[in-house]
Amino acid sequence: MRQSRLFTKTSKTLPKDEVSINSQLLLKSGFIDKEFAGVYSFLPLGHRVLNKIINVIRQEMNAIDGQEILMTALQSPQTWEPTDRWDDAKMDVWFKTELKNGSQLGLAPTHEEPLTKMMKKFINSYKDLPAYAYQFQTKFRNETRAKSGILRTREFIMKDLYSFCRDQAELDEYYERAKNAYIKIFNRLGIGEITYVTYASGGTFSKFSHEFQTLCEYGEDLIYINEEKKIAINREIFVDEVIAEFGLSRNDFVEKKAIEVGNIFKLGTKFSDGLSLQYVDEKGERKPVIMGSYGIGPGRVMGTIVETHNDEKGIIWPKEVAPYQVHIVSLGKEESIMAESEKLYRMLNENGFETLWDDRVNLNPGAKFADSDLIGCPVRVTVSGKNIENRQYEVKRRSGGEVEFIPQDNIIDYLNK
RNA sequence: CGGGGCGUGGCGCAGUUGGUAGCGCACCUGGUUUGGGACCAGGGGGCCACUGGUUCAAGUCCAGUCGCCCCGACCA
């Protein structure tokens with residue numbers, strides 16, 4: 001992408017009331033735009049990052065046999081009445097509206113009911129199970145207080161996967177696969193080291209559920225971690241009885257602030273009972289389908305990455321989620337510099353490196369470097385008259401370290417390693 | 001939903017005892033610059049959140065409404 005053609009631009013000032021690091025950096029760098037409180041648009045650079053995150057999640061969901069679907073945001077009350085969740089007293093985050101003819105509609109805050117209801121059309125026999133469906137879909141939640149930039153919004157994309165199993169054992173096994181997939185996902189997204197599988201209350205159908213909590217001072221949640229076992233317990237269930245089950249005592253845990261980037265839990269028959277989702281087993285008996293639910297908010301993950309990967313100059317994107325792998329910065333507008341930059345730009349693209357090229361003229365070096373640091377691509381390659389003379393490229397990694405000078409012919413090898 | 005703060009060009013801000021709105025950034029034109037957010041000259045852009053009141057006169061005073069942010073409560 002030629003930066004001169006990128007329609008967004010960076011800004012030096014910020015709306016005064018943006019306080020969170022994630023919204024400050026993402027707005028300043030032009031990754032997102034704010035529509036109103038808790039409602040953000042993703043612009044070209046931000047959209048690329050969001051898609052990177054989504055694609056990592058998608059690959060790992062496919063790897064555990066998830067089948068991707070896309071359900072509707074518009075919901076009719078009939079779907080939600082059997083489980084009594086149409087009631088605003090029971091589900092207080094509904095956005096409700098109506099059809100021209102006056103019938104009620106809601107914008108889905110989650111999808112257990114509609115999916116369970118839909119699966120009744122396809123699940124009849126034990127031969128139809130297990131089934132795993134997931135989607136990246138926009139949820140609407142009428143939060144009383146949106147806050148923390150893109151960490152807690154009123155409209156957000158969520159990856160929600162639901163498992164439909166024959167019995168508890170099948171669910172338990174899948175649950176473990178999903179948990180491992182989640183660990184993989186957060187590793188790939190660059191926050192694995194600081195993300196803890198956190199025990200949380202399990203509800204009626206299991207002892208525990210699990211949250212994936214990323215350590216961050218700006219987090220809303222408090223968790224208690226044990227570094228040695230790399231486990232954590234969330235605040236609600238951090239009681240002696242639970243602690244003892246891990247063979248540990250209170251002193252073995254440290255209190256930390258964290259952001260919940262994912263959660264998985266066993267629903268059991270809560271929704272299959274409520275909406276009568278049953279199957280017939282080998283003996284001809286009708287049984288309820290055993291369900292599980294597995295969520296990740298890609299936007300919240302993006303905000304969490306920014307919160308945990310930045311310095312005073314801007315964002316430092318982990319490799320797999322960066323909008324572009326390489327940022328070429330051309331200094332000077334001489335023909336030779338632009339020609340050399342373009343040659344490099346083409347070569348990188350041909351070799352599979354996603355590249356942003358700062359080809360803007362009449363901009364001082366300082367401004368270009370500042371923008372490059374702010375945008376935060378992992379590798380910056382500077383093309384200047386001096387470097388051309390020496391037949392070399394000047395490379396600097398956003399994550400730190402010294403500038404390196406790489407002979408022109410070696411640049412692809414260098415970037416590949 | 002409770003408490004606090006704030007609404008003035010796109011963004012950041014100033015605007016005195018009420019007298020008809022200004023600065024910086026950004027933007028447009030021309031020129032000079034180019035290794036860490038350059039400079040000069042010229043230019044465009046504002047129902048001062050909204051509604052109603054007080055007044056000869058309201059960005060400024062009064063009332064209400066709406067919106068935004070922070071803290072708390074809430075949060076599959």
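Atoms considered below: every heavy atom in the structure, side chains included; atoms not considered: hydrogens, waters and symmetry mates. Convention: sequence-line order gives letters A, B, ...; per-chain numbering from 1.
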Peer 1: Dump every N/O contact between nucleotides 44-50 of chain B and the protein below 3.5 Å, one line per pair.
Peer 2:
none

Peer 1: Would you say A:K28 places a side-chain N or O within less than 4.0 Å of OP1 or OP2 belonging to B:G37?
Peer 2: no

Peer 1: Mind jotting down which residue pairs meet the salt bridge (charged side-chain N to carboxylate O under 4.0 Å, His left out) criterion with at least one end in residues 57-83 of chain A? Sequence neighbours excluded, please.
Peer 2: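 Pairs touching residues 57-83 of chain A that pass the test: A:R58-A:E68, A:E60-A:K184, A:E60-A:R188, A:D65-A:R177.
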
Peer 1: Give one of base, sugar-phosphate or nothing for A:R300, where a contact means two heavy atoms less than 4.0 Å apart.
Peer 2: nothing

Peer 1: Among residues 329-339 of chain A, which contact RNA chain B at a heavy-atom distance under 4.0 Å?
Peer 2: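 Hits under 4.0 Å, by residue number: A:L331, A:K333.
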
Peer 1: The side chain of A:K386 is closest to which nucleotide in this list: B:A76, B:G35, B:G36?
Peer 2: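 So the side chain of A:K386 is nearest to B:G35.
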
Peer 1: Between the base of B:G35 and the side chain of A:N387, is there a donor-acceptor distance below 3.5 Å?
Peer 2: yes

Peer 1: At under 4.0 Å between heavy atoms, what does A:L14 touch on the DNA or RNA strands: base, sugar-phosphate, or nothing?
Peer 2: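 Touches sugar-phosphate only.
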
Peer 1: Classify the glycosidic conformation of B:C71 as syn or anti, calling it syn when the angle lies within 90° of 0.
Peer 2: anti

Peer 1: Write down the distance separating the C1' atoms in B:U17 and B:G59, rounded off to the nearest Å.
Peer 2: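 My reading of the C1' atoms in B:U17 and B:G59 gives 16 Å.
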
Peer 1: It should be established whether A:N364 places a side-chain nitrogen or oxygen under 4.0 Å from OP1 or OP2 of nucleotide B:A38.
Peer 2: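 For B:A38, OP1/OP2 do have a side-chain N/O of A:N364 under 4.0 Å.
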
Peer 1: Taking the minimum atom-to-atom distance to the side chain of A:K12, which one of B:A76, B:C68, B:A26 wins?
Peer 2: B:A26

Peer 1: Please measure how far the C1' atom in B:G24 lies from the corresponding atom in B:C39, and state the result in whole Å.
Peer 2: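 Nearest-Å result for B:G24 against B:C39 at atom C1': 16 Å.
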
Peer 1: For RNA chain B, what are the stems built from at least three Watson-Crick or G-U pairs in a row, each pair having both distances below 3.5 Å?
Peer 2: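 Ordered by first number, the stems with RNA chain B (at least 3 consecutive pairs each) read B:1-7 with B:66-72, B:10-13 with B:22-25, B:27-32 with B:38-43, B:49-53 with B:61-65.
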
Peer 1: Which protein N or O atoms sit under 3.5 Å from an N or O of nucleotides 70-73 of chain B?
Peer 2:
from	atom 1	to	atom 2	distance (Å)
B:C71	OP2	A:R145	NH2	2.7
B:G72	N7	A:R145	NH1	3.2
B:A73	N1	A:T144	OG1	3.1

Peer 1: For the side chain of A:R141, counting heavy atoms from C-beta on, which of B:C11, B:C27, B:A76 is nearest?
Peer 2: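 For the A:R141 side chain, the nearest candidate turns out to be B:A76.
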
Peer 1: Let's see if you can work this out: which of B:G36, B:A76, B:G37 has an atom nearest to the side-chain heavy atoms of A:F271?
Peer 2: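 Of the candidates, B:A76 comes closest.
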
Peer 1: A:A367 side chain: which of B:G35, B:G37, B:C68 is closest?
Peer 2: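 My answer, after comparing the listed nucleotides, is B:G37.
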
Peer 1: Could I get the full list of salt bridge (Lys or Arg N to Asp or Glu O under 4.0 Å) partners for A:R250, not counting sequence neighbours?
Peer 2: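 Salt bridge (Lys or Arg N to Asp or Glu O under 4.0 Å) list for A:R250, sorted by chain: A:D240.
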
